[in-house]
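Here is how names work: the chains are called A, B, and so on, in the same order as the sequence lines, proteins then strands, and each is numbered from 1. In what follows, every heavy atom counts, from backbone to side chain, and hydrogens, waters and symmetry copies are set aside.
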Amino acid sequence: QKEVEQDPGPLSVPEGAIVSLNCTYSNSAFQYFMWYRQYSRKGPELLMYTYSSGNKEDGRFTAQVDKSSKYISLFIRDSQPSDSATYLCAMCSTLGRLYFGRGTQLTVWP
Amino acid sequence: GAVVSQHPSWVICKSGTSVKIECRSLDFQATTMFWYRQFPKQSLMLMATSNEGSKATYEQGVEKDKFLINHASLTLSTLTVTSAHPEDSSFYICSATFLAGLAGGDEQYFGPGTRLTVT
């Protein structure tokens, strides 16, 4: 079983839709949870970073962590064509080694 | 924010040649640098962790004689793919942190990646 599971998609939505991206994990030692956005042939860019269970909001983005279910989500409200990218979840324990999901490819069409 | 650069951004080479990729932290001193490999539509896979002035720590399954890592200064790490073969074609991404021990993933700053194509 992989440490982090993420549905690769692709996911295609119309502009203005609410997007839900999810990851599950198996290692209960993970304490830090990140979402990265990666454009084609570019390095990943950190979008959201959470530590505890619950929600964290930043503009149109909301990250949600449920440690009891080992499940994390990223919600994008009022999605824009510029949000089209691959979204990677990542997590780590206190040792800092990052474990990435496969990434979900998102397309927002106008 | 902290900036990490990589050079070259894209390299095409013939099978059997060696390729060196540079990773630089531009505005901070990187105590630790990480090298990742990403195949198309796949996740980033950690290859090795390097600390300035010491030998790199390689992940299981990564050949250290094939992928030579040098972290000679606090702002530069290099990855050399020796005797490259077509199966080494991939996207190589480095990240850097100014912390000796990471408290969380938000302290890792990623470079833009280097696309290696071996013909």
Side-chain angles (χ1 to χ4, degrees), chain A residues 1-11 21 23-25 27 29-52 56 58 61 63 65 72 74 85-107, chain B residues 1-11 21 23-25 30-51 57-60 89-117:
Chain A
Q1 182 186 11
K2 287 187 178 179
E3 299 270 8
V4 181
E5 298 279 359
Q6 183 178 9
D7 185 340
L11 186 61
L21 305 165
C23 287
T24 59
Y25 62 97
N27 190 342
F30 289 146
Q31 296 189 31
Y32 301 88
F33 305 90
M34 282 69 66
W35 285 96
Y36 290 85
R37 178 172 60 196
Q38 186 178 26
Y39 294 109
S40 180
R41 295 173 187 163
K42 300 291 184 184
E45 167 197 9
L46 181 65
L47 274 180
M48 299 285 288
Y49 162 69
T50 56
Y51 171 70
S52 57
K56 182 176 181 179
D58 183 1
F61 298 89
V65 174
I72 69 170
L74 177 70
T86 297
Y87 290 80
L88 298 145
C89 64
M91 44 202 78
C92 65
S93 65
T94 54
L95 295 177
R97 186 197 186 286
L98 287 178
Y99 293 84
F100 284 87
R102 284 182 62 185
T104 300
Q105 186 180 343
L106 171 67
T107 301
Chain B
V3 179
V4 175
S5 71
Q6 280 184 243
H7 178 79
S9 58
W10 191 5
V11 57
I21 302 170
C23 176
R24 292 182 185 272
S25 57
T31 307
T32 307
M33 286 185 168
F34 303 85
W35 286 96
Y36 295 84
R37 180 167 54 183
Q38 185 180 32
F39 292 107
K41 299 189 187 301
Q42 297 296 319
S43 181
L44 278 75
M45 297 300 296
L46 181 65
M47 298 175 68
T49 303
S50 74
N51 292 291
T57 302
Y58 290 81
E59 293 298 304
Q60 191 173 9
S89 298
S90 186
F91 195 52
Y92 291 87
I93 305 172
C94 72
S95 71
T97 180
F98 50 82
L99 297 177
L102 295 181
D106 66 330
E107 292 94 354
Q108 274 192 48
Y109 300 95
F110 285 85
T114 296
R115 184 181 171 199
L116 171 63
T117 302

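Contact of P44(A) with chain B is made through backbone and side chain together, with heavy-atom distances under 4.5 Å. Using a 4.5 Å cut-off between heavy atoms, Q6(A) makes no contact with chain B at all. Using a 4.5 Å cut-off between heavy atoms, Q38(B) touches chain A through its side chain atoms alone.
Taking CG of L46(A) as the reference point, atom CD of Q108(B) lies at 10.0 Å (rounded to 0.5 Å). Here the CG atom belonging to L98(A) is positioned 4.0 Å from the OH atom belonging to Y36(B), to the nearest 0.5 angstrom.
Not counting sequence neighbours, the partners of R37(A) by the side-chain hydrogen bond (donor to acceptor under 3.5 Å, both in side chains) test are Y39(A), E45(A). For W35(A), the side-chain hydrogen bond (donor to acceptor under 3.5 Å, both in side chains) test picks out no residue, with sequence neighbours left out.
With respect to chain B, the highest number of heavy-atom pairs below 4.5 Å among K42(A), Q38(A), R102(A) belongs to R102(A).
Here the closest non-hydrogen pair linking G101(A) and S43(B) is O-OG, 2.7 Å.
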Query raised in the report: Yes or no on side chain to side chain contact (heavy atoms under 4.5 Å, CB included) for L88(A) and L44(B), after CA distance, side-chain angles and deciding distance?
Result: CA-CA 9 Å; L88(A) 298 145; L44(B) 278 75; 3.9 Å; yes

